[in-house]
Amino acid sequence: MVYHALAIDGPAGAGKSTVAKTLAKRLGYVYIDTGAMYRATTYKALSLEINLNDPEAFDFLDSTDFEFKNGELYMDRVNMTTLNRRKEVSDNVSLVASHIPVRNKLVHLQQEIAANNNVVMDGRDIGTVVLKEADLKVFLTASVEVRAKRRYDELFSLGNKVNLSNLEQDIKRRDAFDSTRKYNPLKQAEDALYIDTSDKNIDEVSELLYKKFMEIVNKGEF
Ligand code: DC
């Protein structure tokens, strides 16, 4: 059995998760939010009070269980959706995601899931590292202002008190860190479809990608 994969990369707030969730539902595929895995790892590292600067301190990952159910991540059987949005997690996740042992472990788990399921996977290095053979690779982006406003709305709807200009600063800082880190930085795969969603409706983008993906998958089956 050959499984299919749609890879979506891009910076925070570009609309990746909304588009990925919509497409996964429509295709009947499993949605894998890889950012949630880096966040949950950060949450656990903070709870264990390990030194976050030490790449070798993350061996707890060998005995950590990750499972996706209905697009939501469970770590060690705990639903991480709300915990993952905590400020101390957001403040430290870029650092944790820059460690080679952490990335090796999580990339391996992501590849394992894609080897056994049809997936829509979103993240920063899906098209370039995790699923180089994906049927379709997409790079979604948008202006910093638009991305900050989207994140603001998302956090606000979850009941968080947030400040728009602080969010803009956070996004700029994380973008810079994620795209300049040495190992697997955020970058567009050469064969990825580039889409700027700043003045696009997310439904339009999902529709366009659905059509494109179906074209590719159907072609491959004849
Ligand atoms: O998409 P997000 O904001 O939940 O991602 C959280 C952090 O994890 C972000 O700083 C980048 C990092 N990340 C990564 O390095 N590689 C991925 N595949 C996904 C996320």
Side-chain angles (χ1 to χ4, degrees), residues 5-21 31-46 52 55 58 61 66 68 71-73 75 79-114 119-132 134 137-142 144 146-155 158 160 162 166-189 192 197:
L6 200 167
I8 305 182
D9 289 304
K16 292 190 304 289
S17 65
T18 314
V19 170
K21 266 184 221 161
Y31 166 53
I32 305 295
D33 170 4
T34 61
M37 296 171 79
Y38 289 96
R39 286 174 179 271
T41 301
T42 306
Y43 177 85
K44 191 160 175 179
L46 287 164
L52 297 186
F58 290 78
L61 281 174
F66 291 98
F68 281 92
E72 298 197 329
L73 175 65
M75 181 177 66
N79 185 321
M80 297 304 295
T81 310
T82 309
L83 295 172
N84 269 351
R85 292 288 154 201
R86 287 198 175 170
K87 186 171 174 347
E88 63 270 33
V89 171
S90 296
D91 287 348
N92 290 292
V93 64
S94 280
L95 171 64
V96 169
S98 70
H99 296 322
I100 294 179
V102 172
R103 300 205 69 85
N104 282 345
K105 181 76 196 172
L106 296 187
V107 166
H108 179 75
L109 289 173
Q110 291 152 13
Q111 289 173 333
E112 223 168 56
I113 299 172
V119 295
V120 177
M121 197 175 277
D122 77 10
R124 304 294 191 287
D125 59 344
I126 311 307
T128 50
V129 177
V130 183
L131 303 176
K132 288 189 190 152
K137 301 178 185 179
V138 184
F139 192 85
L140 280 194
T141 189
V144 170
V146 168
R147 292 192 282 128
K149 179 65 174 59
R150 286 183 188 154
R151 190 71 9 141
Y152 176 90
D153 292 342
E154 183 190 344
L155 291 169
L158 287 171
N160 292 292
V162 272
N166 287 350
L167 279 179
E168 269 191 38
Q169 292 314 312
D170 280 358
I171 283 188
K172 281 187 189 158
R173 185 178 55 82
R174 275 212 284 143
D175 278 1
F177 199 103
D178 293 339
S179 16
T180 56
R181 71 169 175 238
K182 263 207 187 129
Y183 197 63
N184 302 359
L186 166 66
K187 103 171 179 253
Q188 186 185 346
T197 67

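Everything numeric in this text was worked out from a predicted model, so none of it was measured. Both counts, for ligands and for their atoms, begin at 1 and track the order of listing.
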Practice problem: Give the minimum heavy-atom separation between T128 and Q188, together with the two atoms involved. | Solution: CG2-C, 4.3 Å

Quiz item: Taking all non-hydrogen atoms of both residues, which atom of S94 and which atom of F177 are closest, and how far apart?
Solution: O-CE2, 3.4 Å

Self-check item: Residues which pass ring-ring contact (aromatic ring centres under 6.0 Å, His included) with Y31, listed by chain and number, not counting sequence neighbours
Solution: none

Self-check item: Under-4.0 Å salt bridge between D175 and R147
Solution: yes

Practice problem: Provide the closest heavy-atom pair for F66 versus L109 in the form atom of the first, atom of the second, distance. | Solution: CD1-CD1, 3.6 Å

Quiz item: Yes or no on side-chain contact (heavy atoms from CB on, under 4.5 Å) for V119 and L131, after CA distance, side-chain angles and deciding distance?
Solution: CA-CA 10 Å; V119 295; L131 303 176; 4.1 Å; yes

Quiz item: Which parts of the protein, at residue level, reach under 4.0 Å of ligand 1 through a heavy atom?
Solution: T34, G35, Y38, R39, V93, S94, A97, R103, G123, R124, D125, R151, R174, D178, R181

